[in-house]
Every structure is written in structure tokens, then in C-alpha cells.
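One-based numbering along the sequence shown. Computed over heavy atoms, backbone and side chain alike; hydrogens, waters and symmetry mates excluded. Just so it is clear, the model here is predicted, and its values are computed rather than measured.
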Amino acid sequence: IFTYENETGYSEKTISLREIGITIADATSDPHSFSIRWLQTVFMIMSIAVPLCSPFVYIILYLTPMTVIMQKNVLFLAEIISAWNAIDVLALSVVMSVWQIPKIGTGLIETGCSECFIINSRLKWTFVFTAVGSASHMACCYYLNIIANRTLHRTKIKNPSQ
């Protein structure tokens, strides 16, 4: 939540991942350019789609009977998805931005009228879901990748023809 004061009093603005992705274009002079649309697409993929796809890839990897070659390919896909997941980076950047926005805003405003504007930011309690979710997602992906690599390596030693 970002809080700011205007002529009618204090106002709050709640920002979600979807809103951030959609409003990226509003911050540019050419919102319909290919590069801006590409940036929006990559943001949505890395912060929303990839973290949602990751558990399904691990479910397939661990619960579906496969040949060793197929397991190797699905594990490779799981590692790529885990590497392209940016929800943990986004969670950390939210915490840092909430901490820094009042400092930056106050520094910009202190050009003669520091009482004219009050800039404040805070995290909603629901950010706990994002923080815990991103931390557990990162830990689970790491753990599942290690277990799958060890298992696949043991299988290749037992059956070198596969």
C-alpha cells in the first residue's frame, strides 16, 4: 500500500502483480511500442505464469512413470522453470521499495516545501502470503531438483544403456 496526501486528505493505493504488469506501459512515452509490450509479457511470465507452472512440472516429474531419457528432459524443464522464476526477487524488491520510497520521495520534495507532501508506504499483512509462498517455493524447487538429480544419477549408473 502506498499512502499519499492530496487536497482531500490521505489516499491509499494498493498495487497487485497484475496491476504492476498492466501499468508498466503507463510510465512510458510510447506505451504501445513493441519493447514495452515485450517487457510486460516477460514480467507477467516471470512473476505469475512460471511460479504457477512450476508445481505442475514437479508433479509430472515425480508421479508419472517415465524412461530415464524422459525424466532427464522433464528435469531439465523443471530446472529452467526454477531458474526463470522471479517471484522471490519480486518479493524482495517489494520490501526494499516500501522501505526506500518514503526516503526517495522526501529527498525529491525537500526543495523548499517539505511540509507540502507526506509520502509513506507500508506492506499489507497479506504480503506474508507472498513472502512465505516465494520462500517455500524456492526451497521446494531447490530440494526437488537435488533429489531428482541424485535419483537420475543413480539410475544412470545402474542402467548405463539408458
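Listed here is the closest heavy atom pair of S93 and L90: OG-O, 2.8 Å. The shortest non-hydrogen separation linking V74 to M66 is CG2-SD, 3.7 Å. Here the closest non-hydrogen pair linking R37 and H32 is NH2-ND1, 2.9 Å. Across all their heavy atoms, Q40 and I24 have their closest contact at CG-CB, 3.9 Å.
In this structure, the side chain of T67 engages the main chain of M70 through a donor-acceptor pair within 3.5 Å. Y62 places a side-chain N or O within 3.5 Å of a backbone atom of L144 that can act as its donor or acceptor partner.
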Worksheet item: Could you walk me through whether S54 and S82 pass the side-chain contact (heavy atoms from CB on, under 4.5 Å) check?
Response: CA-CA 7 Å; S54 183; S82 180; 5.5 Å; no
Item to complete: Could you give me the CA-CA distance, side-chain angles and deciding distance for V68 and K72, then say whether side-chain contact (heavy atoms from CB on, under 4.5 Å) is met?
Response: CA-CA 6 Å; V68 174; K72 191 175 178 181; 5.5 Å; no
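Note on V50 and M138: separate hydrophobic clusters, where clusters join Ile, Leu, Val, Met, Phe, Trp and Tyr whose side-chain heavy atoms are under 4.5 Å apart, directly or indirectly. Both I147 and L152 sit in one connected hydrophobic cluster of ILVMFWY residues. Membership requires side-chain heavy atoms under 4.5 Å apart, directly or through other members. Under the 4.5 Å side-chain heavy-atom criterion for Ile, Leu, Val, Met, Phe, Trp and Tyr, F127 and M96 are members of distinct hydrophobic clusters. In this structure, I80 is a member of the same hydrophobic cluster as M46, with clusters built from ILVMFWY side-chain heavy atoms closer than 4.5 Å. Connection of L92 to V98 is not established within any shared hydrophobic cluster, with ILVMFWY side chains joined at heavy-atom distances below 4.5 Å, either directly or through further cluster members.
Expressed to the nearest 0.5 Å, how far CG of N145 lies from CD of E79 amounts to 5.0 Å. From I36, atom CD1 reaches atom OG1 of T41 across 11.0 Å, with rounding to the nearest 0.5 Å. Between the CG atom of L61 and the OG1 atom of T151 there is a distance of 9.0 Å, given to the nearest 0.5 Å. Atom SG of C141 and atom OH of Y58 lie 4.0 Å apart (nearest 0.5 Å). Distance check, rounded to the nearest 0.5 Å: OG of S47 to CD1 of I20 gives 8.0 Å.
At a cut-off of 3.5 Å, with distance as the only test, a side-chain donor of H137 or N85 sits close to an acceptor on the other residue.
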